[in-house]
Amino acid sequence: CLAQNFRKLHSIRFPSFGNLMNRGTISPPGFINFIDRYQEVNDMILNLCKQKKCFNQSEFIKLSDFIQNKFTVLRAALDIQCRPATLVITDMHGGNFHVFHNSVSGFFDVESSQSAPLEFELYCMRLFIFNFFGAKEFALAESAFWKAYCGCSTPDIKSSEIIDFFSFLRIVELCQSYWGYTDGIRDNWGKNMKA
């Protein structure tokens, strides 16, 4: 049911990548390659990593170089001609949708919705939903999702690579978000995500 909802959601198309604003406006306008759109967001996250000293100088250089290299490798695949700009929620996890009588009945916490490649949504499935239990359950959940989403048991190789890369970028973002955060529960989250 979740996969069917996302298949419908991802059928909505936009002329460029960006945040979805009032009356269908996309901001910032005109991005037809998702790398160009995401670069600014990534630079902000890396700047926060630097300010919070999540990584030493050597680690930071290695991290930055790795990301930049992947941006170069994935540039052609993330062009709007290859990966259409679709409606994505981008913050999907088990706490952000309702289930009623075994069916998904609604989504909330959707303020981060944007026009992006569908993989920018699907990484959340892999990182936050399928990954919730063990390796066996992960494989079963991912296979069931993909069969309902597109009729195959796994994403194509390039989509899988993009999903994994977006997952990596989200872990970097979460690492800096929780770096130095102490509340008795999330004290080590930033360090664990870095590891």
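Every value quoted in this text rests on a predicted model; they were computed, and no experiment measured them.
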Exercise. Does one hydrophobic cluster hold both L140 and F128, with members joined at side-chain heavy-atom distances below 4.5 Å?
Worked result: no

For this session: Using a cut-off of 6.0 Å, state whether more than 12 heavy atoms not belonging to E40 lie near its atom CD.
Result: no

For this session: Might you point out which heavy atoms bring I80 and P15 nearest each other, and give the distance in Å?
Result: CD1-O, 3.4 Å

Seminar exercise, completed: Tightest non-hydrogen contact, residues C175 and C54, listed as SG-CB, 4.3 Å

Problem set entry | Q68 side chain to D65 backbone, donor-acceptor under 3.5 Å | no

For this session: Answer yes or no: does atom CD1 of I32 have more than 12 heavy-atom neighbours from other residues, nucleotides or ligands under 6.0 Å?
Result: no

Exercise. Counting N and O atoms only, with roles assigned by atom type, does the side chain of Q176 sit under 3.5 Å from a partner on the main chain of L48, one being a donor and the other an acceptor?
Worked result: no

Problem set entry | E59/K62 under salt bridge (charged side-chain N to carboxylate O under 4.0 Å, His left out): CA gap, chis, key distance, verdict | CA-CA 5 Å; E59 291 169 336; K62 190 174 186 179; over 6 Å; no

Exercise. Hey, would you say the F14 and F31 ring centroids sit under 6.0 Å apart?
Worked result: no

For this session: May I ask you to check whether F120 and Y38 place their ring centers less than 6.0 Å from one another?
Result: yes

Exercise. Cluster question for you: counting only ILVMFWY and a side-chain heavy-atom cut-off of under 4.5 Å, with indirect links fine, are V41 and L122 together?
Worked result: yes

Exercise. Under 3.5 Å, side chain of T86 to main-chain N/O of A116, donor-acceptor pair present?
Worked result: yes

Seminar exercise, completed: Taking every heavy atom of A148 against every heavy atom of Q4, the minimum-distance pair comes out as O-CG, 4.4 Å

For this session: Is it possible for you to say whether F166 and F66 belong to one hydrophobic cluster, with membership spreading through side-chain heavy-atom contacts below 4.5 Å?
Result: yes

